[in-house]
Amino acid sequence: MTTHGPVLPLWSCGGCGGPWPCTTRRGELRAEFEGGPVSLALYMGSYLVWAAEDLTWVPAGLLHQRFLGWIR
């Protein structure tokens, strides 16, 4: 279990206080979904939709980069 989970509704990291998913959580997610990049993208896409409901002032492109742009 990670301490780097999202703190809602601001979507900050519970472990380090940075924007979630933080660098640590991204690394954990890459390891958890190793060999399954499509599954990781779907998983993070669901978080993107959830976060978009809370972070209405953040431009969609920035949210996309934050939640999906690092998955490559």
Side-chain angles (χ1 to χ4, degrees):
M1 190 72 182
T2 184
T3 60
H4 292 271
V7 177
L8 306 177
L10 296 178
W11 290 85
S12 60
C13 176
C16 64
W20 192 91
C22 65
T23 303
T24 300
R25 186 60 183 141
R26 289 177 184 188
E28 292 171 348
L29 287 164
R30 281 190 183 106
E32 289 174 33
F33 286 89
E34 185 177 3
V38 173
S39 296
L40 175 57
L42 290 170
Y43 181 75
M44 290 308 298
S46 69
Y47 276 107
L48 170 63
V49 171
W50 189 7
E53 293 174 359
D54 289 333
L55 303 175
T56 57
W57 63 91
V58 179
L62 292 177
L63 284 178
H64 180 271
Q65 180 61 32
R66 179 173 165 180
F67 285 86
L68 294 170
W70 58 274
I71 303 172
R72 295 192 183 164

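- Through direct or indirect side-chain contacts shorter than 4.5 Å among Ile, Leu, Val, Met, Phe, Trp and Tyr, Val38 is connected to Leu42.
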| task | Might you work through the side-chain contact (heavy atoms from CB on, under 4.5 Å) test for Leu29 and Glu32, ending with a clear yes or no? | result | CA-CA 5 Å; Leu29 287 164; Glu32 289 174 33; 4.2 Å; yes
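- With rounding to the nearest 0.5 Å, the separation of CG in Leu62 from NE2 in His64 is 11.5 Å.
- For Arg66, the side-chain hydrogen bond (donor to acceptor under 3.5 Å, both in side chains) test picks out no residue, with sequence neighbours left out.
- Counting all heavy atoms, side chain and backbone alike, Trp70 lies closest to Met44 at CZ2-CG, 4.0 Å.
- In terms of the side-chain hydrogen bond (donor to acceptor under 3.5 Å, both in side chains) criterion, residue partners of Glu28 (sequence neighbours excluded) are, by chain and number, Thr2, Arg25.
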Show every donor-acceptor pair shorter than 3.5 Å between a side-chain atom in residues 5-21 and any protein atom, with sequence neighbours excluded, or say none if there are none.
| residue | atom | partner | partner atom | Å |
| --- | --- | --- | --- | --- |
| Trp11 | NE1 | Asp54 | OD2 | 3.0 |
| Trp20 | NE1 | His4 | O | 2.8 |

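- The side chain to side chain contact (heavy atoms under 4.5 Å, CB included) test applied to Glu53 returns Val49, Trp50, not counting sequence neighbours.
- Summarising the geometry, atom CG belonging to Leu40 is positioned 8.0 Å from atom CZ belonging to Arg30; distances are rounded to the nearest 0.5 Å.
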